[in-house]
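Notes to accompany the following structure.
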Amino acid sequence: MQQLAIFGGTFDPIHWGHLLVAETALHQVSLEKVIWVPSLNPPHKKAALFEHRVAMLQLAIKDNPGFTVSLVEANRSGTSYAMNTLNDLSASYPNTHWYWIVGLDTFQTLPRWYRGHELAQMCDWLIAPRLLGGETITQSKLICKQVEEQFKEQSLTIHWQLLDIPLVGVSSSLIRKFCCVRQSIRYLVPETVRSYITNNNLYSNKSE
């Protein structure tokens, strides 16, 4: 049985922090592949066009054979739910043990997801510690255990582990802010992504 991980997100834009999380997951649990799933129209967010975000994603990962992009969200109408994503990918990748890569903040909300209790048991969860929240690894583990306890109260089991990544204080919102004030984003994103942002005037009229 192959081992694959889903890494969903807005990726607006993708940056070195995302890549570091995915690369760590790839090796920490011996995954065959990390499948990047960009969200089409993220709720509560005004994001760059889906086509731009996909193009940047493809540029960023093209040299890594362990990474692939799925456009499973592209044809979805209405609200996109994680359960739908997993079902669609399972049809394309049968006989798979699934992992799901999420940030600590997102993992905390899992009990409230649509069919979250069902989803929680269908894959193992790989948790990226909060990069900007200041928690120690011990505190992050405690937060994860609190989520686990919520499921246990309903006689449900969830398997999770923290990803052992160096804490890199970079976020997509920081990059967009830098672009707005024409501050350099070199070394925050892959050079191909930086060039794409500049050439397509994303996030500001002029980006460096």
Under 4.5 Å between any side-chain heavy atoms of [X] and [Y], yes or no?
X      : Y      : value
Val29  : Gln161 : yes
Ile137 : Pro129 : yes
Gln139 : Thr136 : yes
Ser39  : Thr10  : yes

Looking only at non-hydrogen atoms, find the nearest pair between [X] and [Y] and report the distance.
X      : Y      : result
Ser172 : His18  : OG-CE1, 3.5 Å
Met122 : Trp98  : O-CB, 4.2 Å
Pro94  : Gln2   : O-NE2, 3.6 Å
Ile14  : Trp36  : CD1-CZ3, 3.6 Å
Cys179 : Tyr203 : CB-CB, 3.7 Å
Gly66  : Leu26  : O-CD1, 3.7 Å

So, taking the atom named [atom1] in [X] and the one named [atom2] in [Y], what distance separates them when rounded to the nearest 0.5 Å?
X      : Y      : atom1 : atom2 : result
Leu19  : Thr24  : CG    : OG1   : 10.5 Å
Cys144 : Ile127 : SG    : CD1   : 5.0 Å
Lys145 : Lys152 : NZ    : NZ    : 9.5 Å
Ile143 : Gln108 : CD1   : CD    : 5.0 Å
Asn75  : Asp88  : CG    : CG    : 9.5 Å
Cys123 : Leu4   : SG    : CG    : 11.5 Å

Pairing residues for [X] by the side chain to side chain donor-acceptor pair (under 3.5 Å) criterion, not counting sequence neighbours:
X      : value
Ser155 : none
Glu153 : none
Glu148 : Trp160
Ser195 : none

Take Ile61 and Val34 through the test side chain to side chain contact (heavy atoms under 4.5 Å, CB included) and record every step on the way to the result.
CA-CA 10 Å; Ile61 71 165; Val34 171; over 6 Å; no
Which residues pass the side-chain contact (heavy atoms from CB on, under 4.5 Å) test with His52, sequence neighbours left out?
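In terms of side-chain contact (heavy atoms from CB on, under 4.5 Å), with neighbours along the sequence ignored, His52 is linked to Leu49, Tyr196, Asn200, Leu202.
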Taking only residues two or more places apart in sequence, or in another chain, which ones meet Trp113 in a side-chain contact (heavy atoms from CB on, under 4.5 Å)?
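With neighbours one apart ignored, the set is Ala82, Val102, Thr106, Thr109, Leu110, Leu119, Trp125.
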Sequence neighbours excluded, which residues qualify as salt bridge (charged side-chain N to carboxylate O under 4.0 Å, His left out) partners of Glu118?
Arg115
Kindly write out the residues that satisfy salt bridge (charged side-chain N to carboxylate O under 4.0 Å, His left out) with Glu51, not counting sequence neighbours, or none if the list is empty.
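Checked Glu51 against salt bridge (charged side-chain N to carboxylate O under 4.0 Å, His left out); zero matches.
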Out of curiosity, does Leu142 fall in the hydrophobic cluster containing Leu162 (side-chain heavy atoms, cut-off under 4.5 Å, transitive links)?
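They do not share one cluster, since no chain of ILVMFWY contacts under 4.5 Å joins Leu162 to Leu142.
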ILVMFWY network linking Leu71 to Phe11, side-chain heavy atoms under 4.5 angstrom
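They do share one cluster, since a chain of ILVMFWY contacts under 4.5 Å joins Leu71 to Phe11.
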Mark yes or no for whether Arg194, through its side chain, and Ile185, through its backbone, hold a donor-acceptor pair below 3.5 Å.
no
Using a 3.5 Å distance criterion without hydrogens, assess whether the side chain of Gln3 forms a donor-acceptor pair with backbone atoms of Ser30.
yes
Just grab all the side-chain hydrogen bond (donor to acceptor under 3.5 Å, both in side chains) pairs involving residues 62-71, residues at least two apart or on different chains.
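Residue pairs with at least one partner in residues 62-71: Glu23-Asn64.
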State whether the number of non-hydrogen atoms from other residues, nucleotides or ligands found under 6.0 Å of Lys141 atom NZ is greater than 12.
no
Taking the hydrophobic residues Ile, Leu, Val, Met, Phe, Trp and Tyr, and joining any pair whose side-chain heavy atoms are under 4.5 Å apart, which ones share a cluster with Tyr114?
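Same cluster as Tyr114: Tyr81.
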Start with the C-alpha distance between Ser90 and Thr96, add both sets of side-chain angles, then the distance that settles side chain to side chain contact (heavy atoms under 4.5 Å, CB included), and finish with yes or no.
CA-CA 7 Å; Ser90 294; Thr96 296; over 6 Å; no
Is there any salt bridge (Lys or Arg N to Asp or Glu O under 4.0 Å) pair reaching into residues 163-177, and which pairs are they, with sequence neighbours excluded?
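Of all non-adjacent pairs touching residues 163-177, those that pass salt bridge (Lys or Arg N to Asp or Glu O under 4.0 Å) are Asp12-Arg176.
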Run the ring-ring contact (aromatic ring centres under 6.0 Å, His included) test against Phe178 and tell me which residues pass, sequence neighbours left out.
none
